[in-house]
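First up is the structure itself, then whatever we jot down about it.
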Amino acid sequence: YAGDKVFKGIFNHFQEKTGGQVEKEINFTASSVFSDSFHPQNVASFENQNKVFRSGNSENNWICFDFKEHRVVPTHYTIKSRKCRPNDIHPRSWVVEGSADESSWETIDAESNCSYLNGRNLVHTFALNHPKTTKFRYIRMRCTGPDWSNTYYLMLDSFEIYGRLI
């Protein structure tokens, strides 16, 4: 991760490598999807503010990235909030977890009552507060409480992961 290269991480690398078809290298899944236009892979469309991810309204929502044939050792991640007013559907409390097999998960970052994303189109990069040297196939962000509007949606404009790609 380099501070002057926001959204120039692993997803961006695969966007460039595949000519914008990042799904060839990464599967994007979620616990639920609000409607057909809010697909999880929208978080890798950094330049298009009309493409966002939004889950249904239920506790413990998550978005997961399966790196298929690759493994990652993450160091940082960046999130961009949606173009909604403060105290709307913005992430508030979550964990980022890694897994080699999609059944056993390790927490690599935890945020509680985080206000960095509580506003219109806010971007923040998080250094992992529980970093690991483990090579993960799966990375997921899972909500651990309500969003800033006191509902349980998970809504993101963009998400990027930085680290070592193997």
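Because the structure is a prediction, the values reported are computed rather than measured. Note that the numbering runs from 1 along the sequence shown for the chain.
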4.5 Å side-chain heavy-atom contact, [X] and [Y]:
| X | Y | answer |
| --- | --- | --- |
| Y138 | D101 | no |
| M141 | P91 | yes |
| D66 | R137 | yes |
| I108 | I139 | yes |

State plainly whether one hydrophobic cluster holds both [X] and [Y], where clusters connect Ile, Leu, Val, Met, Phe, Trp and Tyr through side-chain heavy atoms under 4.5 angstrom apart.
| X | Y | result |
| --- | --- | --- |
| L156 | Y153 | yes |
| V73 | F136 | no |
| L165 | I26 | yes |
| W62 | V95 | no |
| F46 | V43 | yes |

Quick check: does any side chain N or O of [X] sit under 3.5 Å from a backbone N or O of [Y], one acting as donor and the other as acceptor?
| X | Y | value |
| --- | --- | --- |
| W94 | A110 | no |
| Y162 | F7 | yes |
| H130 | E106 | no |
| S93 | N113 | yes |
| D109 | H76 | no |
| W105 | V96 | no |

Distance in Å, [X] [atom1] paired with [Y] [atom2], rounded so as to fall on 0.5 Å steps:
| X | Y | atom1 | atom2 | answer |
| --- | --- | --- | --- | --- |
| L128 | Y77 | CG | OH | 7.0 Å |
| C64 | E102 | SG | CD | 5.5 Å |
| T151 | I89 | OG1 | CD1 | 5.0 Å |
| D147 | R92 | CG | CZ | 8.5 Å |
| R71 | I166 | CZ | CD1 | 9.5 Å |
| S37 | N42 | OG | CG | 8.0 Å |

Looking at every non-hydrogen atom in both residues, tell me the closest pair between D88 and N118 and how far apart they are. N-OD1, 4.3 Å
Would the number of heavy atoms belonging to other residues, nucleotides or ligands and lying under 6.0 Å from NZ of K68 be above 12? yes
Give a yes or no on whether Y1 atom OH has more than 12 heavy-atom contacts from other residues, nucleotides or ligands under 6.0 Å away. yes
Quiz: residues 47-56 side-chain donor-acceptor pairs under 3.5 angstrom, not counting sequence neighbours:
{"from": "N48", "atom 1": "OD1", "to": "N50", "atom 2": "N", "distance (Å)": "2.9"}
{"from": "S55", "atom 1": "OG", "to": "N61", "atom 2": "ND2", "distance (Å)": "3.1"}
{"from": "S55", "atom 1": "OG", "to": "L154", "atom 2": "N", "distance (Å)": "2.8"}

Close aromatic pair by centroid cut-off 6.0 Å: F65 and F28: yes
Show me the side-chain donor-acceptor pairs of residues 8-17 shorter than 3.5 Å, one per line, residues at least two apart or across chains.
{"from": "N12", "atom 1": "ND2", "to": "E16", "atom 2": "OE2", "distance (Å)": "3.3"}
{"from": "Q15", "atom 1": "NE2", "to": "A44", "atom 2": "O", "distance (Å)": "2.7"}

Under 3.5 Å, which donor-acceptor pairs link side chains of residues 119-127 to any protein atom two or more places apart or in another chain?
{"from": "R120", "atom 1": "NH1", "to": "K83", "atom 2": "O", "distance (Å)": "3.2"}
{"from": "T125", "atom 1": "OG1", "to": "T78", "atom 2": "OG1", "distance (Å)": "2.6"}

Does R164 have any salt bridge (charged side-chain N to carboxylate O under 4.0 Å, His left out) partners at least two apart in sequence or in another chain, and if so, which? none
Mind checking what makes side-chain hydrogen bond (donor to acceptor under 3.5 Å, both in side chains) contact with E97, not counting sequence neighbours? R140, R142
Clusters formed by hydrophobic residues whose side-chain heavy atoms approach within less than 4.5 Å: which one holds Y152, and what are its other members? none
